[in-house]
Amino acid sequence: MLHLRLIVPVDLRDAVLNCLDDCVGVTHVVVLPDAAVRPAGDVVLCDVARESADEVLVGLRGTGLPERGAIDVQEIGLTLSAAADEAERLAPGEGADALVWEAVSEITHEESTLTGVYLAFLAVATMLAACGAVLDSAILVVGAMAVGPEFGPLAGLCVALVQRRARPALRSLNALVTGFAVAMASTVLFTLVMDGLGLFTREEFDAARPNTSFIWQPDATSFVVAFLAGIAGLLSLTSAKAGMMVGVAISVTTVPAAANAAVALGYGDFRQFWGSSLQLLLNLAGIVLAGLLTLVVQHEAWERIRRRARRVRRPRSAG
């Protein structure tokens, strides 16, 4: 269940309450007249089954409430209520499968904004992956995987493309391109410093490196892995069951390739540089394609469930 707290101007009260009444899955409705001060109005509280949340939020947007009042949404950890159980029973589909566009858009907006912290995390992750590449250490590559923040912009790009919104798409692209450019440039300098200190050597980088050589030798499997990782990442973003940490794992298909390309550029090894760059592009393309298809399939499947539920409810209301 989701908990909604609404600040409702007095002249919108009837429209908002009618919207809540028209949507199945809404329960525990509480109206506190004139309880809000800034902005002024009533405070309306209610609980909504997750599978009905998108319909409710779209309806509330249609009343003009976000512009004149406020809509606050919170996850409910535990609800002991027969009314809540009945609301979830009446709501179409399963809550874990529900696609709540408002929540997805908000998460990806925050995660796909180019900030100093984002650049720092991506640069540190790339440097850490560079250490893993030179030392042929899978453990360090996994460490870089846990630090990399680039899944946020990738998910943001997928959501923006599906919703056909140009500005969020450009914001996500800017975060990706600028982020990787800064991270790779920083890692080139890092490589030169480490080499000067004797902590990196060209001989180590040119060695066989059986644990990490796949990074600069892309093949069809690379795209398949990225594609599957993209599906897992987007499902973790939209599903109530999967934890958001699943999305972090996507960085294993991108950060190491960027790191190896930066180290290769620092050493003037253009064969590994181009191989790693191709690996990076394949991985990014596979993740974005998978993300787009995952969102489209989820959206279409959820719309069919809603249409079927509306057809079932219509005869009842007519009777």
Side-chain angles (χ1 to χ4, degrees), residues 111 117-155 175-176 179-180 182-191 193-195 199-201 204-237 239 241-267 272-273 275-288 290-291:
E111 298 294 330
V117 172
Y118 167 82
L119 290 175
F121 269 118
L122 189 54
V124 169
T126 308
M127 293 177 194
L128 187 59
C131 294
V134 173
L135 302 177
D136 196 32
S137 171
I139 294 177
L140 290 177
V141 170
V142 172
M145 170 196 74
V147 176
E150 75 286 359
F151 178 66
L154 285 168
L176 281 172
F180 274 111
V182 171
M184 291 175 70
S186 301
T187 303
V188 170
L189 295 176
F190 174 73
T191 299
V193 171
M194 293 290 282
D195 185 77
L199 300 176
F200 282 3
T201 65
E204 287 178 310
F205 188 64
D206 289 339
R209 294 190 288 141
N211 293 321
T212 57
S213 60
F214 70 93
I215 294 173
W216 59 276
Q217 296 175 334
D219 54 21
T221 305
S222 302
F223 184 83
V224 172
V225 170
F227 188 86
L228 294 176
I231 294 175
L234 264 296
L235 287 177
S236 76
L237 183 68
S239 173
K241 286 184 177 179
M244 286 302 297
M245 287 302 294
V246 176
V248 178
I250 305 303
S251 62
V252 75
T253 63
T254 53
V255 166
N260 201 79
V263 176
L265 190 60
Y267 280 130
Q272 286 203 43
F273 172 76
S276 301
S277 298
L278 179 58
Q279 178 79 281
L280 176 61
L281 292 176
L282 282 174
N283 290 332
L284 292 174
I287 292 171
V288 171

Given side chain to side chain contact (heavy atoms under 4.5 Å, CB included), test M145 with V255 step by step and report yes or no.
-> CA-CA 7 Å; M145 170 196 74; V255 166; over 6 Å; no

Interatomic spacing from CE in M127 to CE in M184 - rounded to 0.5 Å | 12.5 Å

Would you please classify the geometry between the F205 ring and the Y267 ring as parallel, tilted or perpendicular, with 30° and 60° separating the classes?
-> tilted

Output yes when a side-chain donor or acceptor of N260 lies under 3.5 Å from a complementary backbone atom of P256, and no otherwise.
-> no

How many angstroms lie between atom CG of L135 and atom OG1 of T201, to the nearest 0.5 angstrom?
-> 9.0 Å

S277 and L281, any side-chain heavy atoms less than 4.5 Å apart = no

Could you state the interatomic distance from CZ (R209) to CZ (F214), rounded to the nearest 0.5 Å?
-> 10.5 Å

Nearest heavy-atom pair of A257 and S276: which atoms, and what distance?
-> O-CB, 3.4 Å

Could you walk me through whether T126 and F190 pass side chain to side chain contact (heavy atoms under 4.5 Å, CB included), step by step?
-> CA-CA 10 Å; T126 308; F190 174 73; over 6 Å; no

The reported gap from CD in E150 to OH in Y118 (rounded to nearest 0.5 angstrom) is 6.5 Å

Do S213 and W216 come within less than 4.5 Å of each other through their side chains, counting heavy atoms only?
-> yes

Just by modelled atom types, is the T212 backbone N or O under 3.5 Å from a matching donor or acceptor in the D136 side chain?
-> yes

Under a 4.5 Å cut-off applied to non-hydrogen side-chain atoms, are F227 and L282 in contact?
-> no

Is it true that a side-chain atom of D219 and a backbone atom of S222 form a donor plus acceptor pair closer than 3.5 Å?
-> yes

